[in-house]
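Remember, it's a predicted structure, so these values are computed and weren't measured experimentally.
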Amino acid sequence: MNYRFQNLLGAPYRGGDAVITKNTHLISPVGNRISDTDLLKSQTVTLPIQCSSNISRLAASPDGTFLLAVDENRRCLFINLPRRAVLHRITFKHPVNALEFSPDGKFIAVGAGKLVQIWRSPGFRKEFFPFELVRTFADCDDKVTSLKWSPDSMYLLVGSKDLTARLFCVRKLKGGYNKPFLFLGHRDSVIGCFFGVEKGTNRVDRAYTVTRDSYIFSWGYSGDVENMGGKEPPAPGTPDRSNERTLDVNVKKRKELGDNEDEVEDGECFLHRGKWKLLSKDSFMQAPARLTSCDYHCGLDLLVVGFSNGVFGLYQMPDFVCIHLLSISKEKITSAVFNGLGNWLTFGCAKLGQLLVWEWKSESYILKQQGHYFDVNCLAYSPDSQLLATGADDNKVKVWTVSSGFCFVTFSEHTNAITALHFMANNHCLLSASLDGTVRAWDLFRYRNFRTFTTPSSRQFVSLTADQSSEVICAGTLDSFEIFVWSMKTGRLLDILSGHEGPVHGLMFSPTNGKQLACSTLDGQIHFWDPIDGLLMYTIEGRRDIAGGRLATDRRAAANSSSGKYFTTLCYSADGSYILAGGSSKFICLYDVAEQVLLRRFQITHNLSLDGVLDFLNSKKMTDAGPLDLIDDDDTDTEEGVDKQTRGKLGYDLPGSIANRGRPIIRTKCLRIAPTGRSFAAATTEGVLVYSTDETFIFDPTDLDIDVTPEAIDAALSEGLIKRALILSLRLNEDTLIKKCVFAASPADIPALASSIPFRYLQRLIEAFAGLLENCPHLEFILRWCQEICKSHGQSIQQNSRALLPTLKSLQKAITRMHQDLADTCASNEYMLSYLCSAGTRQKGSP
């Protein structure tokens, strides 16, 4: 089975920077992965790219093409977002606390420790070492906390933990080294620093610095100081510091770049040589809360700030007028950013896993997602494979749309951990079992709990199932070793089945051909039994297949350790031909039942922030006090709000509670295969991983050979062979070429072309039509294509409706939206046209 990673559910946000590209695409880190959310289409996908550890910093290029992702190990990936591919990699020598592209996209500013490094941005060309270090500023006395480019990409405003902000001139000036201008007077770390521009000329005339103790300083620029001779103007209370210097890195220039490209003539107006004065100092009045995140929109003069108590504020600058001051959480807001137009605000709360997009003018939510606070325990697919339900230790049940990756309902009536979930056959009812001693039935139409099943005395349920007719509900217990049977219609307890001598962890009604039973044992084997005769049919030895990595606290090597070398969750495919198995390991194994062979092994993550990923530990990190990674040497009072931007240990790190101080251990708690067999979901420490055989979200050519090229498509179009060009573009699976061939056809040729499309390319073509209807003016032309496709392939579409359902729904959604827009326009114009016609006839008939 050719499964591959498709999406990550259950954890929209885990900490780090969140950025918005092209005004409508939200890029957010999820552990060591990156999630891309289309806010207009309400769809999220997780890029098939993994960093070596949890991502701490993100930066997007101004045009939204490139993305920089830096993890906790200082390793950086340079990603092409449209292609979702890694172009280049680099490792920085110091922890990266700030990262930003220049407005012209040519440079990248990196705050690495105490240094500010200016790198030349790589391009699409293949180069041996694409990153070129242009300049390095070593003026800061403590680590850099924020960066901001000027609109002309000539200046850089840098905030540091040494209570100062510095204004650097990025380009080299004649006459030697020029000191940066220092903004002093802060009493705490500078969290954010921003440039303000003059409306008419778009020139920088002011600056803002925001500190951790909830103060904002407004600075005004009054022009160059005359007759200074290129020296820095004296600032009140600023001693002369002769030890400040710049480390100019002598890098060999590329041949196409001139040596004097960065040199600027003296005598021009330079911001860092001019006179700046403090205009105002304002307080946000949120003590004792600390300011943890901020952003400034230059065009609208708006400032948004987030605090450690979950409150955010929106202020109009430079008058410091409070527009909104609201609370969205009880935990620290770790990310607060504007989109390009300034009408949407994005907030992230790492500890709760919240990700919100809020439109401040209408005071409405564009996006509101929150993941599970603790690990997901159980999963359940709906019968049509469109919905996925998850239950976790945070007492919540969430239902997700698999195609969009969004959670649309959360049930929180349970008072203890969710242990089992089951969808009823009608697809509109969900059952959940919990350790609180109740089994609840949820209505997915009205989003309410319409029935609760209880026992005469308190019990803890760990397993759940229902028969095919949805009349009988059964649940197994953890403490009394009994099975309780209820009636779905009346809710009455029908029977209590006893006789087990241990907890009933597995419970399932036999399907029509239930002639095989699979069980996993602690010795790493999977036994297959004949339930009728009670005979062992065959055994799969999976001890070596499931063997995972070594924990930081393990005394033995991974090869000699017996922990984790067994399966804890099994799941049959719909036809029973293969079985998925997972456990306390980084691997998920796929076995062929008839041949008892391993078909494929999936590694669920490469995240080194989790325990159990490495097979061999680094002996350099072992100290007398134990592993270096488990020693918490952070000063939380000092680092609050500046560095602690990750989800962390979730607050359950009590003395003696967890051996490795709460560091997450990689494992798989539950596996479920979709009824259609085209995807499966795994509840892991990273979240709910969805693997699918659908190839709809990245470049994936089908039936590709040496003749299928863009040049061949262009040649066919020039010769008038529209059918051949369209088939070649569908085989190449390139969106722009498919649309080009669609528009090359004449309306008279559409019926013949529609009937000649092979069915295996039909889904890709319908997806192209759905995308064209969103932003294409040729509405009648595209609808004619859709009509002829339905006429020619109606029977095939009906027979394969389950596989084509997501694509058909997206097409229906696009057509419905276009119909509503046209209906509103026509309704408003109908009376205007009738009035004009009547006015014309009245004028002709008048004497």
Test log, rule side-chain contact (heavy atoms from CB on, under 4.5 Å), inputs L367 and F406:
CA-CA 10 Å; L367 170 71; F406 273 37; 3.3 Å; yes
Please list, chain by chain and in numerical order, all residues satisfying ring-ring contact (aromatic ring centres under 6.0 Å, His included) with H324, sequence neighbours excluded.
W358
Go through the steps for D71 and S52 under the test side-chain hydrogen bond (donor to acceptor under 3.5 Å, both in side chains), then give the verdict.
CA-CA 7 Å; D71 59 21; S52 63; 2.5 Å; yes
Whether D36 side chain and I27 backbone form a donor-acceptor pair below 3.5 Å:
no
Residues T685 and P664: closest non-hydrogen pair is CG2-CB, 3.7 Å
Check for a donor-acceptor pair, side chain of T209 on one end and backbone N or O of C193 on the other, with a separation under 3.5 Å.
no
Can you pull out every ring pair (Phe, Tyr, Trp, His ring centres under 6.0 Å) where at least one residue sits in residues 49-74? Sequence neighbours excluded, please.
F66-F78, F66-F124
For side-chain contact (heavy atoms from CB on, under 4.5 Å), just list the numbers for C140 and V158, CA-CA rounded to whole Å, side-chain angles, deciding distance to a tenth of an Å, and then say yes or no.
CA-CA 9 Å; C140 299; V158 178; 4.2 Å; yes
Listed by chain and number, what are the ring-ring contact (aromatic ring centres under 6.0 Å, His included) partners of Y315, not counting sequence neighbours?
F284, F320
If only atom types and distance count, is the side chain of S56 paired as donor or acceptor with the main-chain N or O of V70 below 3.5 Å?
yes
Would a 4.5 Å heavy-atom cut-off, applied to side chains only, mark S146 and I191 as touching?
no
If we count only N and O atoms by modelled type, under 3.5 Å, do the side chains of R166 and T164 hold a donor and an acceptor together?
yes
Short question: side chain of D162, backbone of D141 - any donor-acceptor pair under 3.5 Å?
yes
Are V357 and L345 packed together at the side-chain level, in the sense that at least one heavy-atom pair is separated by less than 4.5 angstrom?
no
For E72 and N54, run side-chain contact (heavy atoms from CB on, under 4.5 Å): C-alpha distance rounded to whole Å, both residues' side-chain angles, the deciding distance at 0.1 Å, then the answer.
CA-CA 6 Å; E72 295 174 352; N54 289 336; 3.6 Å; yes
Would you indicate whether the side-chain heavy atoms of L303 and F194 approach each other to under 4.5 Å?
yes
Quick one: closest heavy-atom pair of G15 and A350, and the distance?
CA-CB, 3.6 Å
Under a 4.5 Å cut-off applied to non-hydrogen side-chain atoms, are V144 and L115 in contact?
no
Straight-line distance of Q370 CD to L352 CG, nearest 0.5 Å
5.5 Å
Establish, from distance only, whether the side-chain atoms of Q43 and D38 form a donor-acceptor pair under 3.5 Å.
no
Derivation and outcome, side-chain hydrogen bond (donor to acceptor under 3.5 Å, both in side chains), residues D63 and T65
CA-CA 6 Å; D63 58 356; T65 303; 3.2 Å; yes
Checking T37 against H25: is there a side-chain donor and acceptor pair closer than 3.5 Å?
no
Has the side chain of T24 got a donor or acceptor atom that lies under 3.5 Å from a matching backbone atom of L40?
no
How close do T605 and E686 get, heavy atom to heavy atom, and via which atoms?
OG1-OE2, 3.4 Å
Residue pairs meeting salt bridge (charged side-chain N to carboxylate O under 4.0 Å, His left out), one or both in residues 302-331, sequence neighbours left out, come to E331-K351
Within a strict 4.5 Å, meaning less than it, do heavy atoms of the V337 and V19 side chains meet?
no
For the residue pair F181 and F183, categorise the inter-ring angle as parallel (less than 30°), tilted (30 to 60°) or perpendicular (more than 60°).
perpendicular
Over all atoms of both residues, closest heavy-atom pair of G192 and C294
CA-SG, 3.6 Å
Answer yes or no: does atom NZ of K199 have more than 12 heavy-atom neighbours from other residues, nucleotides or ligands under 6.0 Å?
yes
Students often mix this up, so state it plainly: with edges at 30° and 60°, are the rings of F131 and W119 parallel, tilted or perpendicular?
perpendicular
For the backbone of F107 and the side chain of S102, can you confirm whether one donor and one acceptor N or O come within less than 3.5 Å of each other?
yes
Charged N to carboxylate O under 4.0 angstrom, D188 versus R212?
yes
Does a side-chain heavy-atom distance below 4.5 Å link I55 with I34?
yes
Go through the steps for S53 and N32 under the test side-chain hydrogen bond (donor to acceptor under 3.5 Å, both in side chains), then give the verdict.
CA-CA 5 Å; S53 60; N32 70 327; over 6 Å; no
Check whether any side-chain heavy atom of W149 sits under 4.5 Å from a side-chain heavy atom of D152, and report yes or no.
no
First locate atom CD of Q369, then atom CG of L9, and finally report the distance between them rounded to the nearest 0.5 Å.
9.5 Å
Ignoring hydrogens and angles, tell me if any N or O in the side chain of T145 forms a donor-acceptor pair with the backbone of G159 under 3.5 Å.
yes
Under 4.0 Å between a Lys/Arg side-chain N and an Asp/Glu carboxylate O for D295 and K148?
no
Could you tell me the separation between the OG atom of S61 and the CD1 atom of I79, rounded to the nearest 0.5 Å?
11.5 Å
Taken to the nearest 0.5 Å, the spacing of L163 CG from L182 CG works out to 11.5 Å
Starting from the C-alpha separation in whole Å, work towards a yes-or-no answer on side-chain contact (heavy atoms from CB on, under 4.5 Å) for Q286 and L291.
CA-CA 8 Å; Q286 290 294 321; L291 193 143; over 6 Å; no
Say whether Y13 and S335, considering side chains only, have a donor N or O and an acceptor N or O under 3.5 Å apart.
no
Answer yes or no: is there an ion pair linking R57 with D17, defined by an N-O contact shorter than 4.0 Å?
yes
Taking only residues two or more places apart in sequence, or in another chain, which ones meet R75 in a salt bridge (Lys or Arg N to Asp or Glu O under 4.0 Å)?
none
Under 6.0 Å between the ring centres of H186 and Y215?
no
May I ask you to decide if R206's main-chain N or O and W276's side chain share a donor-acceptor pair within less than 3.5 Å?
no
Student check: side-chain heavy atoms of R74 and P95 closer than 4.5 Å
yes
Could you grab the distance from atom CZ of R135 to atom CG of L156, nearest 0.5 Å is fine?
11.0 Å
Pairwise distance CD(Q50) to CG(N607) - rounded to 0.5 angstrom
7.5 Å
According to ring-ring contact (aromatic ring centres under 6.0 Å, His included), who are the partners of Y208, at least two apart in sequence or on a separate chain?
Y296
T334 side chain vs G348 backbone, donor-acceptor pair below 3.5 Å:
yes
Given side-chain hydrogen bond (donor to acceptor under 3.5 Å, both in side chains), test T44 with S35 step by step and report yes or no.
CA-CA 7 Å; T44 180; S35 177; 3.0 Å; yes
Would D394 and K398 pass as an ion pair if we require N to O under 4.0 Å?
no
Closest heavy-atom contact between M317 and S218?
CE-OG, 4.0 Å
Closest non-hydrogen atom pair between L355 and S28, with its separation:
CD2-OG, 3.8 Å
